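Okay, so here's the structure we're looking at.
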Number of protein chains: 2
Amino acid sequence: MSQTVDRALSILPLLAEGPADLGQVADRLGVHKSTALRLLRTLHEHGLVYRQSDQRYRLGARLFALAQEAMENLDIREIAHPHLVRLNEQCGHTVHLAVYEEGEVLYIDKVESRYPVRMYSRIGKPVAITVAAVAKLLLADLPEAERRAVAEKLEYPMYTARSTPNAPAFLRELEKVREQGWATDLGGHEESINCVAAPIRGADGRVVAAMSVSAPNVVVTADELLTLRPLVRRTADTISGEYSGRTPIKEAT
Amino acid sequence: MSQTVDRALSILPLLAEGPADLGQVADRLGVHKSTALRLLRTLHEHGLVYRQSDQRYRLGARLFALAQEAMENLDIREIAHPHLVRLNEQCGHTVHLAVYEEGEVLYIDKVESRYPVRMYSRIGKPVAITVAAVAKLLLADLPEAERRAVAEKLEYPMYTARSTPNAPAFLRELEKVREQGWATDLGGHEESINCVAAPIRGADGRVVAAMSVSAPNVVVTADELLTLRPLVRRTADTISGEYSGRTPIKEAT
DNA sequence: AATGAACGTTGCAGATAATGCAACATGAAA
DNA sequence: TTTCATGTTGCATTATCTGCAACGTTCATT
């Protein structure tokens with residue numbers, strides 16, 4: 001809707017792929033170098049873009065700070081966190097919290113069981129939307145039309161033999177999930193990992209978030225993991241209750 | 001340098017404080033509502049801004065994804081990570097990796113010892129720059145003039161009685177750190193936590209990152225922690241060597 | 001050492017594209 | 001219902017962005 005801003009913002013995903021110099025940016029934007037320069041300068045002033053020692057541009061530090069603040073402002077995350085921790089203490093496995101937003105599902109919290117490996121690589125990162133248990137719950141709650149639209153537009157990578165293969169299969173799965181009110185991912189993303197998930201609902205009954213417990217086959221079998229379903233569900237319901245009761249009046253000045 | 005883009009980008013930090021409606025955004029930008037609307041729409045199309053159910057705007061999901069990708073593209077992080085893990089295995093304590101960027105110091109990696117508590121609240125978040133051991137190392141390496149300028153502009157919050165109180169004290173500390181080539185934070189941020197840090201240098205000798213080991217008093221005394229200094233330093237030097245040797249030719253197409 | 005290429009940078013004139021206005025639409029409150 | 005607040009659209013004005021061409025630098029090559 002605003003050409004200049006549109007161009008400027010298009011630079012960000014471009015730089016996300018890796019550092020680029022002025023010429024490359026200008027080319028990929030389809031504008032003159034001087035134009036690209038001025039856009040980059042503006043992005044730079046706002047800290048969204050950084051100029052490294054070799055003169056090339058890459059994404060800047062302010063971006064992290066913004067993402068952090070945004071994350072911390074999410075009401076659900078704040079409310080849910082202690083419950084996720086408690087659940088983790090009870091069952092010992094990894095616990096996730098995820099939300100849906102315009103075609104994407106992303107983890108906004110995670111409590112890990114054992115290994116502290118690369119935790120940051122997950123939170124904030126888009127979820128494998130076609131297979132993750134939390135994604136199924138979040139998508140299953142969308143209005144029929146939107147659900148269809150999203151499902152059609154997705155890609156269906158076969159992470160494993162059990163991955164959801166295509167849109168029709170996905171929609172069927174969503175329908176099932178919708179009816180039963182919980183979801184699983186049994187080796188659909190990584191061969192040896194299973195998950196059970198439950199929805200967190202707002203006051204109006206709409207699903208506002210979803211949480212899951214994940215564990216590798218070597219620790220517990222899928223069947224054993226499924227015995228946790230009532231516990232997961234109870235936790236989710238507790239969070240739902242707390243979230244619904246709350247009046248989030250926050251008058252920013 | 002570009003007014004339109006400048007205005008649009010100013011919306012982001014504004015929304016980072018919390019959700020806001022059209023009127024509030026327009027007011028704080030000092031522009032007409034219609035203008036603000038069009039800017040917000042453009043931000044929205046790029047996923048940087050999300051419109052929640054109550055019509056108010058808040059920061060969007062794409063921001064997280066961008067921050068993620070940006071982080072994963074940092075060469076130093078990639079190179080350093082395995083070494084951080086190894087160090088963690090050897091000493092058992094929390095290990096941090098941080099970089100400096102235009103007035104800010106931020107953690108870009110972390111390997112935690114025990115509790116998986118709120119790891120995400122740290123990575124990507126600006127560091128307590130006036131007290132953190134890694135921050136001292138990074139700032140100590142700046143050219144005299146810039147170091148002064150940064151030090152003058154900082155705030156000096158007294159987290160504890162041992163926090164750096166003001167700019168002169170900070171500059172003295174930086175001078176000391178600069179000479180000795182390592183740094184500590186002994187209860188300057190949180191009363192019971194101590195850190196030892198060492199610099200990671202590029203081929204030209206400039207400090208490109210800093211790493212530290214942190215542990216609470218209850219686990220090891222400050223003196224005990226300081227015995228780890230050689231180990232930390234050796235690890236940092238190893239990373240330095242690996243980072244310098246590398247030719248980072250990455251022709252993005 | 002000198003030449004040339006590649007890249008980043010600046011000033012300028014023209015024209016596109018952003019702005020504010022005013023009117024309309026919508027929905028909530030009185 | 002009326003009223004108020006908020007979001008939205010079309011349009012004329014003009015401020016703002018664009019592309020050009022020339023200049024400055026740096027680096028590699030001859």
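Labels below follow one simple rule: chain letters A, B, ... track the order of the sequence lines, proteins then strands, and each chain is numbered from 1. What you see is a predicted model; the values in this text were computed from it and never measured. Side-chain atoms are counted along with the backbone in the values below, which use heavy atoms only and exclude waters and symmetry mates.
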Next on the checklist: Rounding to an integer number of Å, can you tell me how far Asp27(A) CG sits from dC7(C) C1'?
Outcome noted: 12 Å

Checklist entry - Can you check the Leu29(B) CG to dG20(C) C1' distance for me, whole Å? => result 14 Å

Next on the checklist: Filter on salt bridge (charged side-chain N to carboxylate O under 4.0 Å, His left out), then keep only pairs touching residues 37-54 of chain B, sequence neighbours left out; what's left?
Outcome noted: Asp54(B)-Arg56(B)

Checklist entry - CD of Glu69(B) to CG of Leu15(A): how many Å apart, nearest 0.5 Å? => result 11.0 Å

Checklist entry - OG1/Thr4(B) to CG/Leu39(B) distance, rounded to the nearest 0.5 angstrom? => result 7.5 Å

Next on the checklist: Quick check: closest heavy atoms across Pro199(A) and Leu137(A), and the distance to 0.1 Å?
Outcome noted: N-CD1, 3.7 Å

Item to check | Bounds of contact between DNA chain D and chain B, in 5' to 3' order, using a heavy-atom cut-off under 4.0 Å | outcome: dG7(D) to dC17(D)

Next on the checklist: Rounding to 10°, can you tell me the angle the first-five-pair axis of the helix from dA1(C)-dT30(D) to dA30(C)-dT1(D) makes with its last-five-pair axis?
Outcome noted: 40°

Going by atom type alone, with no hydrogens or angles, which donor-acceptor pairs under 3.5 Å involve a side-chain atom of residues 204-212 of chain B and a protein atom two or more places apart or on another chain?
| unit_1 | atom_1 | unit_2 | atom_2 | d |
| --- | --- | --- | --- | --- |
| Asp204(B) | OD1 | Arg206(B) | N | 3.2 |
| Arg206(B) | NE | Asp141(B) | OD2 | 2.9 |

Next on the checklist: Using heavy-atom distances to pick each residue's nearest nucleotide on DNA chain C, tell me which of Gly30(B) and Lys33(A) is more 5'.
Outcome noted: Lys33(A)

Next on the checklist: If only side-chain N and O atoms count, and only distance matters, is there a donor-acceptor pair under 3.5 Å linking His81(A) with Asp109(A)?
Outcome noted: yes

Just the atom pairs and distances: protein N or O near nucleotides 17-19 of chain C's N or O, under 3.5 Å.
| unit_1 | atom_1 | unit_2 | atom_2 | d |
| --- | --- | --- | --- | --- |
| dA17(C) | OP1 | Gln3(A) | OE1 | 3.4 |
| dA17(C) | OP1 | Gln3(A) | NE2 | 3.0 |
| dA18(C) | OP1 | Gln3(A) | N | 2.7 |
| dA18(C) | OP1 | Thr4(A) | N | 2.8 |
| dA18(C) | OP1 | Thr4(A) | OG1 | 3.0 |
| dA18(C) | OP2 | Gln3(A) | N | 3.4 |
| dT19(C) | OP1 | Arg7(B) | NH1 | 3.1 |

Item to check | Those residues of residues 46-55 of chain A lying under 4.0 Å from DNA chain C by at least one heavy atom | outcome: Arg51(A), Gln55(A)

